[in-house]
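Lettering follows sequence order; numbering is per chain, from 1. Predicted model only: the values in this text are computed from it and were never measured.
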2 protein chains.
Amino acid sequence: MAKENGDTYINMPLGKICSMVTKPYYGALTKKMEHLKLEKNFSVLILLEENKHCTQQYISDALQIDKVSMVKIIDGFAKQGFVKRVQNPKDRREYFVELTPKGQKILPAIHKAIKELNDIAFKDFTQKERDAFDKAIIKVYHNVKHFPSSHVIVYKTKKKT
Amino acid sequence: MAKENGDTYINMPLGKICSMVTKPYYGALTKKMEHLKLEKNFSVLILLEENKHCTQQYISDALQIDKVSMVKIIDGFAKQGFVKRVQNPKDRREYFVELTPKGQKILPAIHKAIKELNDIAFKDFTQKERDAFDKAIIKVYHNVKHFPSSHVIVYKTKKKT
DNA sequence: GTTAATAGTTAGTACTACGAACTATTAAAT
DNA sequence: ATTTAATAGTTCGTAGTACTAACTATTAAC
């Protein structure tokens, strides 16, 4: 139990924690990136930067966005010229989503915006506190990542009737 | 810098932290509450439990949900019989949103579901670690809460043309 | 007493989540 | 080897939410 600004609290539920921090952060990040004229899902671009040969399925799994939505997200980035789809010759069902030169060019600006906000968000943290925080988050993540979700992406094949 | 499951990372950005934890948690929470046949915004009910005489505007501000969306959210709960609107006689523009007996009755089940998930999410935390985590979150919250957001709820009055 | 601001509302647009079903392709079963 | 099942990506349709603009009723400000 601790006190903060007159509010007494007994260990906050995770949902409250998430909503407290997520909304202002994403709002600010979106605003900060307005001038880049990016779709909201810039995390896709970051994933593409980190991993070569991402299929849409892989991106969907990694970012926990269902693959139906992912089609339109990739369409949007492709339309803007940030990514292109390249069919995998070894498995022609798959399309690798790759950054175009224009896509690669915009990434530093994305990282800059993220860094600036993070520097503010954690401005009064010592490195030790920051590391402890990350460690705690990782622990929580491992505890929750296998939760049975109502948003599990299940693909079922059905025959024509 | 720390290591986890072979992944090396240097202090995660807040956005990654949020999305890592938020999605599985909310997915599980929604599933856990399926049988209650609740709308997704059960946080509204919790807020109503904690605060008497909540106006819709107050709820919108507190939960960072715009007031236009709030109309439908309250409509939904009212339709289900969990809340009712009561006009403030001292300012007839305002409507207090109040829990009905049915609404009050369902809250223990909501708290139970939240507690069960939180117990799992923080299962390997000592009380000291848990308190430190909350403290860190509060600090981050204070750092980000006044971010200029692209989602600021601005109400503009305009004259008829 | 007119003007401005506020609480709540409706209409309309845009984005996302999701289920179902479809095509093309590859893997598995027998 | 041929049938069957599974997978990657897609389209369609539905639902929820975010947001802008504009509106009514009411109250506050000048």
Within the structure, does a side-chain N or O atom of N41(B) lie under 4.0 Å from either OP1 or OP2 of dG16(D)? no
From CG of D66(B) across to P of dG8(C) the rounded distance in Å is 13 Å
So which nucleotide from dA17(C), dA8(D), dT26(D) ends up closest to the side chain of I65(A)? dA17(C)
Taking side chain to side chain donor-acceptor pair (under 3.5 Å) as the test, write out the residues that go with Y141(B), two or more places apart. none
Are D134(A) and R130(A) within salt-bridge range, i.e. N to O under 4.0 Å? yes
Check every atom of dT26(D), dA21(D), dT25(C) against the side chain of D91(B) and return the nucleotide holding the closest atom. dT26(D)
Would you state whether a donor and an acceptor, one from the side chain of R92(B) and one from the base of dT26(D), lie under 3.5 Å apart? no
When rounded to whole Å, the CD1 to C1' distance for the pair I59(A) and dA8(D) reads 12 Å
Assess whether a salt bridge exists between D119(A) and K115(A), defined as any Lys/Arg side-chain N lying under 4.0 Å from an Asp/Glu carboxylate O. yes
The criterion is ring pair (Phe, Tyr, Trp, His ring centres under 6.0 Å); which residues satisfy it with H53(A), sequence neighbours excluded? F96(A)
Candidates dT17(D), dG8(C), dG19(C) - which lies nearest the side chain of V68(A): dG19(C)
From the set dA18(D), dG9(D), dA17(C), return the single nucleotide nearest to any side-chain atom of K67(A). dG9(D)
Which is true for T55(B) with a 4.0 Å heavy-atom rule: it touches a base, it touches only sugar-phosphate, or it touches nothing? sugar-phosphate
Give the rounded distance in Å between these two atoms: CD of E94(A) and C1' of dA27(C). 13 Å
Closest approach to the side chain of Q57(B), judged atom by atom: which nucleotide of dT20(D), dT10(D), dA7(C) is it? dA7(C)
Rounded distance (Å) that lies between atom C1' of dT17(D) and atom OH of Y26(A): 17 Å
Closer to the 5' end of DNA chain C via nearest nucleotide, is it M70(A) or R93(A)? M70(A)
How many Å lie between CD on Q64(B) and P on dT17(D), as a whole number? 16 Å
Counting heavy atoms from C-beta on, name the nucleotide in dA24(C), dA7(C), dT16(C) closest to the side chain of I73(A). dT16(C)
All heavy atoms of N118(B) vs all of Y25(B), minimum pair found to be ND2-OH, 3.1 Å
